[in-house]
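See structure below.
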Amino acid sequence: MKIQKEQISDYNKNGLESHNESFDFLANKLTKEGHDVTSIVSKLADFQVAIPSWALGAGGTRFGRFSFYGEPSSLEQKIEDVGVLHALTQTAGAVSLHIPWDVPSDYNAIKELANGLDIKFDAVNSNTFQDQKNAKESYKYGSLSNTSEAVRQQAIQHNLDVINIGNKLGSKALTVWLSDGSCFPGQNNFQTAFQNTQDSLKDIYKGVPDDWKLLIEYKPYEPNFYSTVIQDWGASLMLANECGEKAFTLVDLGHHLPNSNIEQIVSILQLKGKLGGFHFNDSKYGDDDLTVGSIKPYALFLIFNELVYGMENNPQNPDLAWMIDASHNVKDPLEDLIQSLEAIQEAYAKALLIDQNALKAAQSNNDVVKCQEILQGAYRTDVRPLLEKARLNRGGVLSPINAYRALDIRGGLIKERGKNTIATGL
Ligand code: LRH
Ligand code: MN
C-alpha cells in the first residue's frame with residue numbers, strides 16, 4: 001500500500017483554515033515572547049524517528065496475542081507500512097531492523113523500495129536472546145557473558161554478521177541488547193559474566209566500521225529476574241568506555257526501575273559524550289513498551305529539556321539515534337506508532353520553548369519557583385499547530401490518526417493481505 005500525494009492534499013483541504021488560524025495565533029504569541037518560530041518548525045520537521053521493524057504487527061505476552069489483521073508478513077511489507085507512517089507524519093523517515101527477524105532476501109530491491117518511500121536504515125539490532133533453528137550453541141545461559149567460549153564465539157560472530165547486513169543497507173550503527181543474566185542468587189559469578197561480556201564486546205568492536213556506532217542497551221530485568229549483566233546505565237557506560245570512542249550507551253525509556261530520574265541519566269551521559277541513542281516508549285510498571293507519552297508525558301518533556309540543553313552545550317556528544325521500541329497488545333500497531341511519533345514531536349516542541357538562558361540564570365540564583373515556572377510555562381503551551389505546520393511543510397497530513405481512519409488504511413491492508421498474516425518480531 002502506498003499513500004498518494006493527492007489523498008493527502010484532499011484530506012488536508014477541510015482542516016487548513018482552522019490550522020492557519022491556530023498557527024497564526026500561536027506564532028504571534030511565541031514571536032512576541034522572543035521565539036524563532038520558523039527555526040522551531042524546521043527543527044521539528046528535521047526530527048526523524050526510526051520505526052522498529054519488530055513492532056509493525058500485534059505484540060503479545062505469554063498470556064496471549066490478538067492480531068489486528070493485515071499485518072506485514074515480509075520485510076517488503078514492513079517497509080511499506082513504515083512508508084505509510086512517513087507519508088502521513090513526515091517524521092518516520094527511518095526503520096531499525098532486527099536480525100534474524102528481518103534478513104533481506106534481495107538487498108537492492110529492499111534499498112530501492114525504502115529509497116522510493118524516503119526511508120533510511122537506522123541502527124541494526126542483533127539477537128542473541130533467542131536460539132535460531134540449527135544453531136550449534138544455545139543462549140539459554142547467556143550469550144556474550146556465557147561461561148562457554150564456544151557460545152560466546154557464536155554470539156560474537158552473529159554480531160559481526162549483523163554489521164555486515166547493516167553495511168549492505170547503509171546502516172551506521174549496531175545495537176546490542178543482552179538478556180544475559182540469572183534468575184537465582186548464586187547462579188552467576190557476576191565478575192566472570194561481566195568480564196566475559198566486556199571481552200566479547202571488545203571483539204565485536206573490532207568489527208565496527210570507522211563511521212559506525214556501537215550502541216549498548218541496558219535493562220534491569222526480564223527475561224532474567226535476579227540479575228542482568230548490563231543492568232543499568234553505569235554498566236553500559238563502563239563497557240562503552242572499555243570498547244572505545246565509537247561505543248555509546250542506548251537509553252530505552254522502559255529499562256529503568258520505578259521512579260528512576262531518567263532525565264538526569266540522559267544529562268550526565270551527554271556531559272560525558274557517551275549518549276548514543278534512544279528507544280522511546282512509556283511504562284507504568286516494567287518494560288511495558290506502551291505508547292510514548294501515554295503514562296508519563298511530563299517526564300518525557302523533562303528528558304527533552306536535557307536533550308535540547310545537551311544538543312546546544314555538549315558538542316562532545318554525537319548526533320543521537322532516535323528510535324521507538326514499542327509493542328502493541330490492544331491498539332492497531334500503526335495507530336499506536338502514529339500516537340508515539342506525535343508525543344515525541346510534542347515533547348520536543350515544548351522543550352524548544354524553554355528559555356534555556358533564563359532557566360540557567362534562575363538556577364544560578366537558586367530561584368526555585370522561577371525555574372519551575374519557566375519549565376511549566378513551556379509545558380503548558382499547546383504546541384500542536386507547530387507540529388501540524390512541520391508536517392504540512394513536508395507534505396504530511398494535519399492529523400495523522402484522523403487521516404489514517406478517514407483513508408481506512410487498516411481496511412485496505414486487510415483487503416490486500418488478508419486476516420492470517422503474522423509479522424515477525426515480538
Ligand atoms: C529489550 C528490547 C531491545 C530489543 C527488544 C525487541 O527489551 O528493548 O531493544 O532488542 O526489546
Ligand atoms: Mn529497546
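Below, all heavy atoms of this structure are taken into account, side chains as well, without hydrogens, waters or symmetry copies. If you read the sequence from its start, that first residue is 1, and numbering goes on from there. All ligand and atom numbering here is 1-based and tracks the order in the structure.
- Between Tyr379 and Tyr298, the two ring planes are perpendicular [angle over 60°; tilted spans 30° to 60°].
- With salt bridges taken as basic N to acidic carboxylate O contacts below 4.0 Å, one links Asp211 and Lys172.
- Asp252 contributes OD2 as its N, O or S atom closest to the Mn ion (ligand 2).
- When ring centroids are compared, Phe278 and Phe304 stay outside the 6.0 Å threshold.
- Counting just the N/O/S atoms of Asp325, the one with the shortest distance to the Mn ion (ligand 2) is named OD2.
- A donor-acceptor pair under 3.5 Å is absent between the side-chain atoms of Asn115 and the main chain of Lys111, judged by distance alone.
- The closest approach of His279 to the Mn ion (ligand 2), by N/O/S atoms, is made by ND1.
- Of all the atoms in ligand 1, the ones that sit under 4.0 Å from a non-hydrogen atom of His279 are 9 (O).
- Residue-ligand proximity, Asp252 to ligand 1, at heavy-atom distances under 4.0 Å covers atoms 8 (O).
- A salt bridge between Glu346 and Lys350 is present, with a side-chain N of the basic residue lying under 4.0 Å from a carboxylate O of the acidic one.
- Of all atoms in ligand 1, listed by their number and element, those nearer than 4.0 Å to a heavy atom of Trp54 are 6 (C).
- Remark: distances from the non-hydrogen atoms of Asp287 to ligand 1 include one below 4.0 Å.
- As for Glu217, its N/O/S atom nearest the Mn ion (ligand 2) is the one called OE2.
- Glu217 OE1, 2.7 Å is the protein heavy atom nearest to atom 9 (O) of ligand 1.
- Ion pairing of Arg410 with Glu335 is absent here, as no side-chain N (NZ or NE/NH1/NH2) approaches a carboxylate O to less than 4.0 Å.
- Counting protein heavy atoms only, atom 7 (O) of ligand 1 is closest to Lys219 NZ, 2.9 Å.
- Within the 4.0 Å heavy-atom criterion, the part of His98 lying near ligand 1 is the side chain and not the backbone.
- The pair Arg391-Glu388 does not count as a salt bridge, with every side-chain nitrogen at least 4.0 angstrom from each carboxylate oxygen.
- Between Trp177 and His255, the two ring planes are tilted [angle within 30° to 60°].
- For atom 2 (C) of ligand 1, the nearest non-hydrogen atom of the protein is Asp325 OD2, 3.4 Å.
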